[in-house]
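Here's the structure we're looking at; comments come further down.
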Amino acid sequence: MGFPGTRMRRLRRNATIRNMVAETRLSVDDFILPLFVCHGNQVRKPISSMPGVCRLSIDKVLKTCGEAADAGVGAVLLFGIPDKKDDEGRIGYAAGGIVQRTIRAIKKHFKDLYVITDVCNCEYTTHGHCGPVINGEVANDPTIEILAHQALSHARAGCDMVAPSDMMDGRIGGIRERLDTAGFELLPILSYAAKYASAFYGPFREAADSTPQFGDRRGYQMDPRNGNEALREVQLDIEENADIVMVKPALSYLDIILRIKDACNLPVAAYNVSGEYSMVKAAAEKGWIDGTAVMMEILTSIKRAGADLIITYHAIEAAKRLAKGR
Ligand code: PBG
């Protein structure tokens, strides 16, 4: 019955009981740390719009991997910044490319660190779109072929999982087939299944040097106004044998995470993207919010919405905070 027999405050009286009845438990096992790798040696180039995040050369990536592993973060997601680009992004599958070399270096030094690679062409094309542009449009089917090449080159270099982020139709199936034919049938695919055309990617594009030189990505990424369409995207990717499906960005799309989690029984990942990170850092720097508390609240909300895995630039910081206890 209601008040006064029922009093919700009974189970909120101290930390012990609050912890016992907590419905959501954020864990370091949920986190994946994105890293931007560039050529050179001893390079640690700060990204001005993402305080605390840098472009790193391989030696520095190894150092950060050490810090991640020490903090208990078990997985990283690699983004490559090449020294050359081409019109179709084919440089992205060079065996000696920046991501391929980084995978080998990480696997040599940190055998158990789980290495996921972003598979996309936008970092590798001169125009910053995710595939070859034909008659003013990013051509879907030729892009799949290049992506499959890129995924295979990452697999050959020894990555543990590939994560295609381009939003072309049919790319999960295309990549799966190429991997299987080459003997990588056990390599999982994390699909950026519901990826929205979002202004929250702004800082990332500075980091990855992947801003489209003309137009935008609305012809291939999803319209933020749509939710049912996300379920169709997920359904198609499951039919093409995706192993994990992702929603991106996370914070403005918590409803989508919840709906996908309810609709399918695959693990669901969420990408706490660059703009979400930068907003917290900027407001905290100004003293307007408690940055650590807001970070933990955001990550908890993503988990509560239904995400099993969370890709976040906060990974090391949040892992350390979790280790300290509440
Ligand atoms: C595309 C890609 C993007 C992000 C991850 N992969 C940018 C885009 O689609 O323009 C964004 C990640 C972030 O904002 O943190 N390769």
Side-chain angles (χ1 to χ4, degrees), residues 31-38 47-55 76-82 85 88-89 91-93 97-99 116-131 133 138 143-144 146-147 150-151 154 161-168 171 175 189-224 233 245-253 269-282 295 298-299 302 307 309-315:
F31 300 152
I32 298 168
L33 175 70
L35 295 171
F36 300 103
V37 213
C38 63
I47 297 154
S48 62
S49 55
M50 299 178 75
V53 180
C54 297
R55 287 182 180 191
V76 294
L77 172 63
L78 301 182
F79 292 95
I81 299 148
K85 301 188 185 227
E88 301 196 320
I91 192 98
Y93 60 75
I98 186 67
V99 169
I116 308 171
T117 56
D118 183 81
V119 172
C120 195
N121 294 315
C122 66
E123 294 109 282
Y124 305 101
T125 52
T126 44
H127 43 72
H129 277 290
C130 299
V133 176
V138 177
T143 301
I144 295 179
I146 301 170
L147 291 170
Q150 191 185 121
H154 294 171
M161 185 186 282
V162 290
S165 66
D166 55 288
M167 289 299 278
M168 295 302 128
R171 91 274 206 220
I175 292 171
I189 301 178
L190 162 56
S191 170
Y192 286 66
K195 177 176 178 180
Y196 287 85
S198 170
F200 284 97
Y201 307 150
F204 171 95
R205 292 180 185 169
E206 179 201 337
D209 188 20
S210 64
T211 308
Q213 298 303 302
F214 59 89
D216 53 44
R217 299 204 208 289
R218 282 185 278 193
Y220 39 109
Q221 298 181 349
M222 280 186 57
D223 187 326
E233 284 283 4
V245 287
M246 195 202 295
V247 177
K248 176 184 173 185
L251 210 44
S252 294
Y253 300 86
Y271 200 138
N272 176 214
V273 301
S274 57
E276 298 171 344
Y277 171 87
S278 301
M279 289 195 303
V280 174
K281 291 293 172 191
M295 164 183 80
I298 287 175
L299 294 172
I302 296 170
L309 296 79
I310 305 174
I311 300 171
T312 178
Y313 303 97
H314 294 294

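What you see below is based on every heavy atom in this structure, not just the backbone, and it leaves out hydrogens, waters and symmetry mates. Just follow the structure's listing: the first ligand is 1, and inside any ligand the first atom is 1.
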| task | Validate the cation-pi geometry between K281 and Y313: distance from NZ or CZ to the six-membered ring centre under 6.0 Å, angle to the ring axis within 45°. | result |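 Because its charged atom misses either the 6.0 Å distance or the 45° angle limit, K281 does not stack over Y313.
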| message | Within 45 degrees of the ring normal and closer than 6.0 Å to the centroid, is that where the cationic atom of K195 sits relative to Y271? | response |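 No - K195 does not lie over the ring of Y271 by the 6.0 Å and 45° rule.
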| Between E123 and F79, is there a donor-acceptor pair closer than 3.5 Å when you use the side chain of the first and the backbone of the second? |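 No; judged by distance alone, with no hydrogens or angles, the pair does not exist.
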| Checking R218 side chain against D223 main chain: does a donor-acceptor pair fall under 3.5 Å? |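 A pair under 3.5 Å: no.
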| query | Are I144 and R171 close enough that some pair of their side-chain heavy atoms sits under 4.5 Å apart? | reply |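 Sidechains of R171 and I144: in contact.
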Write 'none' if nothing qualifies; otherwise put on separate lines each N/O atom of ligand 1 with a protein N/O atom under 3.5 Å away and their distance to 0.1 Å.
residue, atom, partner, partner atom, Å
ligand 1, 6 (N), K248, NZ, 3.2
ligand 1, 9 (O), K195, NZ, 2.6
ligand 1, 9 (O), Q221, NE2, 2.8
ligand 1, 10 (O), R205, NE, 2.7
ligand 1, 10 (O), R205, NH2, 2.7
ligand 1, 10 (O), R217, NE, 2.9
ligand 1, 10 (O), R217, NH2, 3.3
ligand 1, 14 (O), S274, N, 3.3
ligand 1, 14 (O), S274, OG, 2.7
ligand 1, 15 (O), S274, N, 2.7
ligand 1, 15 (O), Y313, OH, 2.6
ligand 1, 16 (N), D118, OD2, 3.4
ligand 1, 16 (N), E123, OE1, 3.4
ligand 1, 16 (N), S165, OG, 3.1

| query | When the aromatic ring centroids of H129 and F214 are compared, is their separation below 6.0 Å? | reply |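 Ring centroids of H129 and F214 are less than 6.0 Å from each other.
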